[in-house]
Amino acid sequence: MAFKVNWPKFSEDFIAQASQQMTIALNKGQKPNNIVGDIVVDDLNMGTKPPDLEILEIGDLADDRFKGIFKMTYAGDAHVILNTKVQANPLNLPRHEYTVKHSPAILAANHPLVVPMRLRISNLKLRGIIVLVIDKHKGTTLVFKNDPLEKVDVNSTFDGVASVRRFLQSQIEGQLRQMFQEDLPMLIHKLSLVLIQQQ
């Protein structure tokens, strides 16, 4: 059985809290060596299209608690813009990360070249099985039982350089896969507690 989700206009406070939690999640753990600054969420737009949910199983249903397993698909218009800084000089990276072909026409200095980078993540397509628990007092928990990421578009300041674009696409996809399965449950739970406190 499927049902329609009402997708609200999210408040500025909610967007600010979500941006802060996403920034923390994106900077957790080891980042690629060429990213030398914090990854900061500059703009978070939740879009206007909700995910589609199909009920697979209801495990708990009470006035103040709900638990269910759903098939979820998402192909909405949400997007996020990130700002960070990158090391643009390959000679300043660890030796195993690059190969330099000697040429008399090229001269490169072994000095840092740190430049700002702006990333736009959009056209997100997800398909997965989720376990959703909603408790009026303890908050909301959402866990993916599989890797849900099917497609995402990554655009950046360096779109004109094909090799860099492919590298960023691969890195961001990897970060998103990890975030959906490891960081998203905690992020959603924390945001739900904020909403409970505001009520």
Side-chain angles (χ1 to χ4, degrees), residues 1-11 13-29 39 41 43-82 119-155 166 168-199:
M1 181 176 70
F3 60 92
K4 186 176 181 180
V5 178
N6 290 322
W7 203 240
K9 179 175 171 55
F10 294 90
S11 69
D13 185 55
F14 176 87
I15 295 296
Q17 291 280 351
S19 298
Q20 182 183 37
Q21 294 298 325
M22 282 187 67
T23 295
I24 293 170
L26 288 167
N27 288 283
K28 190 182 77 172
I39 302 172
V41 176
D43 179 43
L44 174 62
N45 188 314
M46 300 296 289
T48 59
K49 301 177 183 178
D52 292 322
L53 297 176
E54 178 183 343
I55 299 174
L56 301 179
E57 181 182 327
I58 301 295
D60 194 359
L61 185 59
D63 290 340
D64 60 351
R65 179 178 166 82
F66 169 83
K67 179 180 180 180
I69 299 176
F70 297 83
K71 178 182 177 182
M72 188 204 79
T73 56
Y74 178 78
D77 52 350
H79 71 262
V80 61
I81 294 176
L82 309 174
L119 281 166
R120 188 178 195 272
I121 300 171
S122 60
N123 294 327
L124 193 64
K125 287 183 171 53
L126 305 174
R127 185 184 303 273
I129 306 298
I130 62 171
V131 179
L132 177 65
V133 179
I134 301 173
D135 189 300
K136 286 185 177 180
H137 309 291
K138 296 181 180 179
T140 299
T141 304
L142 185 152
V143 177
F144 280 100
K145 299 185 74 173
N146 65 308
D147 175 8
L149 183 62
E150 289 193 336
K151 179 181 179 296
V152 65
D153 288 346
V154 179
N155 299 100
R166 288 193 299 270
L168 289 173
Q169 180 78 32
S170 173
Q171 290 294 315
I172 294 299
E173 283 186 12
Q175 289 281 92
L176 287 175
R177 292 183 195 281
Q178 178 179 335
M179 190 176 80
F180 280 125
Q181 295 196 281
E182 297 181 13
D183 301 313
L184 188 64
M186 183 64 70
L187 190 152
I188 288 176
H189 183 64
K190 287 182 178 180
L191 289 174
S192 69
L193 293 178
V194 171
L195 293 175
I196 289 173
Q197 292 172 359
Q198 292 176 349
Q199 291 176 353

Flag, side chain of Asn146 to backbone of Gly128, donor-acceptor distance under 3.5 Å: no

All side-chain contact (heavy atoms from CB on, under 4.5 Å) counterparts of Ile188, not counting sequence neighbours: Thr140, Leu142, Leu184

Verdict with supporting geometry, Asn123 and Val152, side chain to side chain contact (heavy atoms under 4.5 Å, CB included): CA-CA 5 Å; Asn123 294 327; Val152 65; over 6 Å; no

Residue pairs, two or more places apart or on separate chains, that pass salt bridge (charged side-chain N to carboxylate O under 4.0 Å, His left out) and touch residues 176-187: Lys28-Asp183, Asp147-Arg177, Glu173-Arg177

All side-chain contact (heavy atoms from CB on, under 4.5 Å) counterparts of Ile58, not counting sequence neighbours: Ile55, Leu61, Phe66

ring-ring contact (aromatic ring centres under 6.0 Å, His included) involving Tyr74 - partner list, sequence neighbours excluded: none

Interatomic spacing from CG in Asp52 to CE in Met72 - rounded to 0.5 Å: 9.5 Å

Ile130 versus Leu53, closest heavy-atom pair with distance: CD1-CD2, 4.1 Å

Atom NZ of Lys145 with >12 non-hydrogen neighbours under 6.0 angstrom: no

Non-hydrogen atoms of Phe144 and Phe180 that approach each other most closely: CD1-O, 3.7 Å

Worked check of side chain to side chain contact (heavy atoms under 4.5 Å, CB included) between Thr48 and Asp77: CA-CA 7 Å; Thr48 59; Asp77 52 350; 2.8 Å; yes

Atom pair CG/CD of Asn27 and Gln175 - distance to nearest 0.5 Å: 9.0 Å

Pair listing, salt bridge (charged side-chain N to carboxylate O under 4.0 Å, His left out) test, anchored in residues 60-70, at least two apart: Asp60-Arg65, Arg65-Asp135

Non-neighbouring partners of Asn45 that pass side-chain contact (heavy atoms from CB on, under 4.5 Å), sequence neighbours left out: His79

Enclosure of Lys138 NZ (heavy-atom neighbours >12, cutoff 6.0 Å): no

Under 3.5 Å donor-acceptor, Thr141 side chain and Val133 backbone: no

Whether Ser19 side chain and Ile15 backbone form a donor-acceptor pair below 3.5 Å: yes

Gap separating the OG1 atom of Thr23 from the CG atom of Leu82, nearest 0.5 angstrom: 7.5 Å

Closest non-hydrogen atom pair, Gly139 against Ser192: CA-OG, 3.4 Å

Check against side chain to side chain contact (heavy atoms under 4.5 Å, CB included), Gln21 and Met186: CA-CA 9 Å; Gln21 294 298 325; Met186 183 64 70; over 6 Å; no

Distance in Å, His189 NE2 paired with Leu191 CG, rounded so as to fall on 0.5 Å steps: 10.5 Å

Verdict with reasoning, Leu176 to Ile121, per side chain to side chain contact (heavy atoms under 4.5 Å, CB included): CA-CA 10 Å; Leu176 287 175; Ile121 300 171; 4.2 Å; yes

Heavy-atom closest contact (Lys125 atom, Ala75 atom, distance): CG-CB, 4.1 Å

Distance (rounded to the nearest 0.5 Å) between Leu119 CG and Ile81 CD1: 10.0 Å

